[in-house]
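Counting starts at 1 for both ligands and their atoms, in listed order. Residue indices begin at 1 and follow the sequence shown.
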Amino acid sequence: MLLLSGPNLSGNEWKYVKDCLDTGWVSSVGSYVNAFEEAVAQQAGRRYAVATASGTTALHLSLLLAGVRADDYVILPNITFVASANSVRYLGADPLLVDVDEHNWQMDLDLLEEHLAKATERRDDGLYHKADGRRIAAIMPVHVLGHMGDMPRLMHLAKAYGLPVIEDATEAMGTTFAQAEGEKHSGSYGLLGCFSFNGNKIITCGGGGMIVTDDEELAHRAKHLSTQAKADPLAYFHDEVGYNYRLVNVSAAIGLAQMEQLPKFVERKREIAGFYRDALAGVGDIAFQEVVEGCRPNWWLFTIKTDRQAELLQRLNAAKMQSRPLWVPMNRLPMYAHLPYVQRNDRSAYIHERCLSIPCSTDISDTDLERVAKCIREGF
Ligand SMILES: *Cc1c(COP(=O)(O)O)cnc(C)c1O
């Protein structure tokens, strides 16, 4: 089976893991956790990084740190992986779903702007949703498939309405946005940004995540909460309800080795995207995810849009070329179907019914790329 996007462990992974085993530093403390955190902070252009057990736990802690409380809303795009919405629910809050742009598949900022202007009101202690009187506590943009929406515009809106931004940058390690001040990395816009190192992401450590921020206090609190809120290194004194959300040293060792390879991986993903965009241009009704001006995607999962989605999925998977549709929109999942969904003509459904991701592992051969392109062309 040609994998959709498999792990590529061709660097120092083995050496660093062996070092953990040889020295016995396999668990919650060890030098690889610190080194991995430093590497990610540097990559993201942020002052602090705190490693977590997963991207999901990074999102949960970040929302908690941003002050999200039970019964609040967090603004979220309707097209995302379910973990974004779940992390909001863990706090007893609910996602306020916003439809996505039909061309770049990120949160539709026109809809967001209109909704903020018409459907919310400011009170002393924050922004409220007029229809049901619930507080809106934050915005969580999701950098879908390693692209970014118009982040300067989103940040401007968030500021105008006093909303903290928590970036779900779990798919966007290596993605940047060109601004007047220079290139800004994904995860460097919000109060907090979150990455994932799950097995299918552009780099992996088996499973893991990271919170990045420039705020020293928040970084300190993130570490504290992720390690059971232990207030005293010797006595079992804990000063609040903490979590066991830390990343173990063995995983961080793999993560550090992967970070060393990131530039190579991003370059390869961009080559793969370039190849498919040439090879599939003008084939049937195939269209691609539009790149927002200024964005340099990491092209994590190469995804095409066509009315023949179902047939092509069949065809590629039958040929042992792993392909997947885009996630079921959040408003169609039983846990989230009752929530407010801001939309004009449900572009989420339109995209969900038409998009499919095709094999794009960083170690895919050029021959295999040709084979995938051929299989798709023959489907028209
Ligand atoms: C992968 C992913 C997550 C969750 O990350 P894990 O490390 O698997 O917990 C959250 N949001 C999005 C958009 C993702 O793609």
For ligand 1, is there an N or O atom under 3.5 Å from any N or O atom of [X]?
X: Thr80; value: no
X: Gly55; value: yes
X: Ser196; value: yes

Do the charged groups of [X] and [Y] touch, with an N to O distance under 4.0 Å?
X: Asp307; Y: Arg354; result: yes
X: Arg46; Y: Asp214; result: yes
X: Glu271; Y: Lys264; result: no

Handout entry: Heavy-atom side-chain proximity of Tyr336 to Val82 below 4.5 angstrom
Key = yes
Problem - Check against ring pair (Phe, Tyr, Trp, His ring centres under 6.0 Å), Trp299 and His147 - result: CA-CA 7 Å; Trp299 292 102; His147 286 234; 4.5 Å; yes
Exercise for the section: Could you list all the salt bridge (Lys or Arg N to Asp or Glu O under 4.0 Å) pairs where at least one residue sits in residues 229-254, not counting sequence neighbours? Expected result: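 Residue pairs with at least one partner in residues 229-254: Arg221-Glu240.
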Practice task
Just jot down the ligand 1 atoms closer than 4.0 angstrom to any heavy atom of Val142, in number order.
Solution key: 13 (C)
Problem - Proximity of Thr56 to ligand 1 by residue part, where a heavy atom lies under 4.0 Å - result: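 The answer is both.
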Exercise for the section: Report the part of Ser54 (side chain from C-beta onward, or backbone N, CA, C, O) that has a heavy atom under 4.0 Å from ligand 1; answer both or neither where that applies. Expected result: both
Report the nearest protein non-hydrogen atom to [atom]: residue, atom name, distance rounded to 0.1 Å.
atom: atom 2 (C) of ligand 1; result: Lys201 NZ, 2.9 Å
atom: atom 11 (N) of ligand 1; result: Asp168 OD2, 2.9 Å
atom: atom 14 (C) of ligand 1; result: Thr170 OG1, 3.1 Å

Problem - Candidate with minimal heavy-atom separation from atom 13 (C) of ligand 1, of His60, Met140, Glu171, His143 - result: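 It is Glu171 that holds the nearest heavy atom.
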Exercise for the section: May I ask you to check whether over 12 heavy atoms, not counting those of Lys320, lie within 6.0 Å of atom NZ? Expected result: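 Open.
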Exercise for the section: Assess whether atom NE2 of His220 is packed by more than 12 heavy atoms of other residues, nucleotides or ligands within 6.0 Å. Expected result: no
Handout entry: Whether Ser84 lies under 4.0 Å from ligand 1, heavy atom
Key =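 So Ser84 counts as touching ligand 1.
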Practice task
Give a yes/no verdict on whether any heavy atom in Gly208 is under 4.0 Å from an atom of ligand 1.
Solution key: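 Contact present.
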